[in-house]
Amino acid sequence: MRNLIVLAILSVFIWSCSTSSRQLPESQKTSFSTQKKTDSADEWEITVFDTEYETFVATRAQPKSMFTESSLKSRNTILVNEWNSRFYSNVNPNFYEVAIDYDQKENYGFDFEYRLYQFFAYCNWKYGVKFNGLRGIDKTKLKAQCDSLSFNIKFRKNLTSCI
């Protein structure tokens, strides 16, 4: 009888430590999209559909004055390559659902480059996803909890003639 109780407790402990592979409902998924601003031919904008992202940018992100557009562009190139490498190698497909179509020759503008970089810093801060392209000050030491997170990433150019 004592062995049965010990076995039951051990089974419950092992079951409680297992990871969950369930998908989040669409309403709870974090995603972002990009589009070309309609009022400016050379500016792009990025929108992150996560309520905590704007709070992160306002309270935790490094100020824009700490960056230059060229440094952000080079870091974003590294970060996007790292993201796409993980996507194409099928590392955690629940997290890296879509490849990011980022052209380093395209002039996205400073605000876009800043927000894209902060998106990667946000993923590091909130979910513990480690990226080699982040500056040391933007890295956190959190354990990754990516099993139940899913991203929908869309890059698109919204041309004024399509409106």
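Computed over heavy atoms, backbone and side chain alike; hydrogens, waters and symmetry mates excluded.
In terms of heavy atoms, Ile100 sits closest to Asn84 at N-OD1, 2.7 Å. Closest approach of Gln118 and Ala61 over heavy atoms only: OE1-CB, 3.1 Å. What you find for Arg115 and Ile46 is that their closest heavy atoms are CB-CG2, 3.1 Å. Lys126 and Asp50 get closest at one heavy-atom pair: NZ-OD2, 3.3 Å. Of all heavy-atom pairs spanning Leu72 and Glu113, the tightest one is CB-CB, 3.8 Å.
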After noting the C-alpha distance and the side-chain angles of Trp44 and Asn107, does the key distance pass the side-chain contact (heavy atoms from CB on, under 4.5 Å) rule?
CA-CA 8 Å; Trp44 287 72; Asn107 181 17; over 6 Å; no

Using the rule given for side-chain hydrogen bond (donor to acceptor under 3.5 Å, both in side chains), can you reason through Tyr96 versus Arg86, listing the C-alpha separation, both sets of side-chain angles and the distance that settles it, and then say yes or no?
CA-CA 7 Å; Tyr96 305 99; Arg86 292 176 187 180; 2.7 Å; yes

As a quick check of understanding, evaluate side-chain contact (heavy atoms from CB on, under 4.5 Å) for Gln62 and Tyr117, giving each step before the final call.
CA-CA 11 Å; Gln62 296 296 314; Tyr117 178 81; over 6 Å; no

Set out, in order, the CA-CA distance, both residues' side-chain angles and the distance that settles side-chain contact (heavy atoms from CB on, under 4.5 Å) for Tyr114 and Glu69, then state yes or no.
CA-CA 8 Å; Tyr114 176 77; Glu69 186 173 353; over 6 Å; no

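Residues Tyr108 and Asp103 meet the side-chain proximity criterion, which asks for heavy atoms closer than 4.5 Å. By the 4.5 Å heavy-atom criterion applied to side chains, Trp83 and Phe120 are counted as neighbours. Using a 4.5 Å cut-off on side-chain heavy atoms (C-beta onward), Arg60 and Thr55 make no contact. With a 4.5 Å cut-off on side-chain heavy atoms, Val80 and Gln104 do not count as touching.
Checked against ring-ring contact (aromatic ring centres under 6.0 Å, His included), Phe56 has the following partners two or more places apart in sequence or in another chain: Tyr122, Trp125.
A 6.0 Å sphere centred on CD of Glu54 holds more than 12 heavy atoms belonging to other residues, nucleotides or ligands.
In this structure, Phe119 and Tyr53 have tilted ring planes: the angle between them lies in the 30° to 60° band. Using bins of under 30°, 30° to 60° and over 60° for the plane-to-plane angle, the ring pair Tyr127/Phe95 lands in the perpendicular bin.
Interatomic distance, CG of Asn124 versus CG of Leu134, reported as 5.5 Å (0.5 Å rounding). With values rounded to the nearest 0.5 angstrom, Lys105 atom NZ is found 11.0 Å from Thr77 atom OG1.
Using a 4.5 Å cut-off between side-chain heavy atoms of Ile, Leu, Val, Met, Phe, Trp and Tyr, with links allowed through other members, Leu79 and Met66 fall into the same hydrophobic cluster.
Ser85 places no side-chain N or O within donor-acceptor distance of the main-chain N or O of Asn81, the cut-off being under 3.5 Å.
Judged by distance alone, the side chains of Ser71 and Ser74 never bring a donor and an acceptor atom under 3.5 Å apart.
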